[in-house]
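A short write-up of the structure that comes next.
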Amino acid sequence: MPIGSNINLEADRRTFTSHLECGLTGERAEADRVHGLSPAGRPYLVRYDLAAVKAHVSRDEWDARRRDMWRYRELLPVRRTENVVSLGEIETPLVPLANVAREMGISPDNLIVKDEGRLPTGSFKARGLVMAVSMARELGLKTLAMPTNGNAGAALAAYCSRAGLEAIVLCPEDTPEINVREIAAQGARVYRVNGLIDECGAIVGKGCEANGWFNLSTLKEPYRIEGKKTMGLELAQQLGWDVPDFIFYPTGGGTGLIGMWKAFDELEKIGFIGSKRPKMIAVQASGCAPIVRAFDAGERHAARWENAATVAAGIRVPAAVGDFLILDAVRESGGFAIAVPDDKTLSAVDDAARKDGFLLCPEGGATLAAYRAALADGRVAKTDRVVLYNCAIGLKYPMPDKSKSLDKNANIDFAAL
Ligand SMILES: *Cc1c(COP(=O)(O)O)cnc(C)c1O
């Protein structure tokens, strides 16, 4: 069925958004208005009339719908179907890392990757940006701006072009080349900046004041969380309305971790799952681990990480405005935050590719490396069911050249090939 005739988005559907709430103070704000950060300078969370959702929809109904993220429309903020800017946000598969697992003496059922690289623009940023851009259209915004380490900018560019909105994207000058080019190819104005993502974000903030752009930075508007929340709704549904023991999530701004935690809470309140929760594990790189440092120090806010450096560009985020939401979720879940060095990340990528034919992105590789470290130190048992998030398609990243050459005019020694 083509996207235009999506049964998950019939025109007369009911919506259930009741209001917005500051994630820190609980201060309320009206839905259906343009919002950035709350007066406290913190992210807003979207709230729904969950009692009404519970009365309106059943697990069977969600199970029967087409498998894309719009099947969860009762828990999504877009009011009018014509504002949805879909590029086909499919359900992403759960893929066991069977050979890697067996080699460690683990059942393949206990080491599963949720492969988000299958989404439009090749990363899970599509989930957040399709929602933010759809809401921007609904609220009448015209020009959207953001800083990016690559994948968010690409998703913003794609959905803005699709929706007929303007996109302005600033990225650190060492952002992977493919990301910078795909952003431009998909119609955004993209600038390389000699600084890190938070420094790009500061320029975006000034541009919004000077030029009236709308600021779509991570968690500085309320709707990217709602898009990323669908990772949690989808995972629970795929597991037969259950949750795994652990979720290993590569954490930059933390939108996905915060979103999934919110998803499980909403699912319990509408009676679709029980009170069991996965332990949420925030995975960072040793070269940029502000959340891990704050977790270990018992703090609720994370200080900026100086001289951030890692091959996993998507998690090179020195300071996160939703730090307390990440840390709260990790602690409430009984989970932990863990940093892994780049060499372990790269050897995890190499392992999964050679042994299981699964090309993880470096951020996904970091989750496998973190899982191994947590197994080794006893924080995870071999019998625990673990889901790792692979957030982007591995093909977007540089790969080492391991090929050799053959001369077609020479005598080929086939025994040596
Ligand atoms: C953005 C990104 C992350 C981090 O996601 P957050 O939800 O913002 O923490 C991880 N991996 C990849 C590939 C990304 O693009």
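All values reported here derive from a predicted model rather than from experimental measurement.
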**Request:** Just do the side chain to side chain contact (heavy atoms under 4.5 Å, CB included) check on Leu94 and Leu239 with the steps written out, would you?
**Result:** CA-CA 9 Å; Leu94 295 173; Leu239 297 178; 3.9 Å; yes
**Item:** Audit row: Trp305, Gln284, side-chain hydrogen bond (donor to acceptor under 3.5 Å, both in side chains) steps and yes/no
**Value:** CA-CA 12 Å; Trp305 188 275; Gln284 298 201 301; over 6 Å; no
**Request:** Decide yes or no on salt bridge (Lys or Arg N to Asp or Glu O under 4.0 Å) for Glu177 and Lys396, but give the supporting numbers first.
**Result:** CA-CA 9 Å; Glu177 191 59 33; Lys396 277 201 190 191; over 6 Å; no
**Request:** Give the C-alpha distance, both sets of side-chain angles, the deciding distance and a yes or no for salt bridge (Lys or Arg N to Asp or Glu O under 4.0 Å) between Arg42 and Asp323.
**Result:** CA-CA 10 Å; Arg42 292 295 173 173; Asp323 51 4; 3.3 Å; yes
**Message:** Walk me through whether Val133 and Leu165 qualify under side chain to side chain contact (heavy atoms under 4.5 Å, CB included).
**Reply:** CA-CA 9 Å; Val133 172; Leu165 305 183; 4.1 Å; yes
**Request:** Check step by step if side chain to side chain contact (heavy atoms under 4.5 Å, CB included) holds for Asp32 and Arg79.
**Result:** CA-CA 9 Å; Asp32 308 306; Arg79 300 273 196 204; 2.9 Å; yes
**Message:** Before you tell me yes or no, could you show the steps for Arg372 and Val100 under side chain to side chain contact (heavy atoms under 4.5 Å, CB included), namely the whole-Å CA-CA distance, both residues' side-chain angles and the distance that decides it to 0.1 Å?
**Reply:** CA-CA 11 Å; Arg372 285 174 162 163; Val100 168; 3.7 Å; yes
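With rounding to the nearest 0.5 Å, the separation of CG in Asn151 from SG in Cys391 is 9.0 Å. If you take OG on Ser18 and CG on Leu50, they are separated by 7.5 Å, rounding to the nearest 0.5 Å. The line from SG of Cys160 to NZ of Lys142 is 12.0 Å long, rounded to the nearest 0.5 Å. Note: Thr121 OG1 to Leu87 CG = 8.0 Å, rounded to the nearest 0.5 Å. The CZ atom of Arg66 sits 10.5 Å away from atom CD1 of Ile90, with the distance rounded to the nearest 0.5 Å. The CG atom of Leu37 lies 8.0 Å from the CG atom of Asn215; values are rounded to the nearest 0.5 Å.
We find that Arg300 and Asp328 are joined by a salt bridge, their nearest charged nitrogen and carboxylate oxygen being less than 4.0 Å apart. Electrostatic pairing of Arg192 and Glu173 does not count as a salt bridge here, judged by no charged N lying under 4.0 Å from a carboxylate O. The existence of a salt bridge linking Arg73 and Asp68 is excluded, since no basic side-chain nitrogen approaches an acidic carboxylate oxygen closer than 4.0 Å. Between Glu234 and Lys228 there is no salt bridge, since no side-chain N of the basic residue sits under 4.0 Å from a carboxylate O of the acidic one. Salt bridge annotation for Asp351-Arg354: present, with a cationic side-chain nitrogen under 4.0 angstrom from a carboxylate oxygen. Using a cut-off of 4.0 Å between Lys/Arg side-chain N and Asp/Glu carboxylate O, Glu166 and Arg189 are scored as salt-bridged. Note on Lys262 versus Asp265: no salt bridge recorded, every NZ/NE/NH1/NH2 to OD/OE distance being 4.0 Å or above. For Asp350 and Lys402, the salt-bridge test passes: some basic side-chain N is under 4.0 Å from an acidic carboxylate O. Ion pair Asp49/Arg14 not flagged as a salt bridge, since none of the NZ, NE, NH1 or NH2 atoms sits closer than 4.0 Å to an Asp/Glu carboxylate oxygen. The pair Arg118-Glu91 fails the salt-bridge criterion, with no side-chain N (NZ, NE, NH1 or NH2) lying under 4.0 Å from an Asp/Glu carboxylate O.
Residues Val193 and Ile203 meet the side-chain proximity criterion, which asks for heavy atoms closer than 4.5 Å. The shortest distance between side-chain heavy atoms of Leu76 and Met131 falls below 4.5 Å. Contact annotation: the side chain of Leu196 approaches that of Arg304 to within less than 4.5 Å [non-hydrogen atoms, C-beta and beyond]. Using a 4.5 Å heavy-atom threshold, the side chains of Tyr223 and Leu20 count as touching. For the pair Met104 and Tyr371, the minimum side-chain heavy-atom distance is below 4.5 Å. Between Arg224 and Lys125, the closest side-chain pair of non-hydrogen atoms falls below 4.5 Å. Between Ile106 and Leu375 the shortest side-chain heavy-atom distance falls below 4.5 Å. Side chains of Ile168 and Thr143 form a contact here, defined as non-hydrogen atoms less than 4.5 Å apart.
A donor-acceptor pair under 3.5 Å is formed between the side chain of Tyr249 and the backbone N or O of Gly256. Checked by atom type and distance alone, the side chain of Arg33 never pairs as donor or acceptor with a backbone atom of Leu139 at under 3.5 Å. Between the side chain of Ser217 and the backbone N or O of Lys220, no donor-acceptor pair lies under 3.5 Å. With hydrogens and angles disregarded, a donor-acceptor distance shorter than 3.5 Å links the side chain of Asn99 to the backbone of Lys355. The backbone N or O of Glu116 lies less than 3.5 Å from no partner atom in the side chain of Thr92, so there is not a single donor-acceptor pair. At distances below 3.5 Å, not a single donor-acceptor pair connects side-chain atoms of Glu27 with backbone N or O atoms of Ser38. A donor-acceptor pair is defined here as one N or O able to donate and one able to accept, closer than 3.5 Å; no such pair exists between the side chain of Glu21 and the backbone of Val46. Remark: the backbone N or O of Glu30 is paired with a side-chain donor or acceptor of His35 at under 3.5 angstrom. In this structure, the side chain of Lys229 engages the main chain of Leu75 through a donor-acceptor pair within 3.5 Å. Although no hydrogens or angles enter the test, the distance criterion places a donor-acceptor pair under 3.5 Å between the side chain of Asn149 and the main chain of Ala313.
Judged by distance alone, the side chains of Asp342 and Thr310 do bring a donor and an acceptor atom under 3.5 Å apart. Asn110 and Asp384 share no side-chain donor-acceptor pair at under 3.5 Å. A donor-acceptor pair shorter than 3.5 Å can be found between the side chains of Ser403 and Asp401. A donor-acceptor contact under 3.5 angstrom links the side chains of Arg127 and Thr230, judged on distance only. Side-chain contact, Trp261 with Glu332: a donor N or O sits under 3.5 Å from an acceptor N or O. Using a 3.5 Å distance cut-off with no hydrogens or angles, the side chains of Gln237 and Arg71 do pair a donor with an acceptor.
Counted within 6.0 Å of CG on Asn211, heavy atoms from surrounding residues, nucleotides or ligands total more than 12; the atom is thus considered enclosed. Crowding of Lys276 atom NZ: a count of heavy atoms from other residues, nucleotides or ligands under 6.0 Å exceeding 12. Atom CD1 of Ile178 has 12 or fewer heavy atoms from other residues, nucleotides or ligands within 6.0 Å.
Checked against Phe272 for a ring-ring contact (aromatic ring centres under 6.0 Å, His included), the options Tyr72, Phe264, Trp241 give a single hit: Trp241. A side-chain hydrogen bond (donor to acceptor under 3.5 Å, both in side chains) with Tyr48 is found for exactly one of Lys269, Glu226, Glu266, namely Glu226.
Taking the six-membered ring where the residue is Trp, Phe248 and Phe336 present perpendicular rings, their angle passing 60° and hence far from 30°. Ring geometry, His301 versus Phe324: the interplanar angle falls from 30° to 60°, so the pair is classed tilted.
Of all heavy-atom pairs between Cys22 and Ala40, the closest is SG-CB, 4.3 Å.
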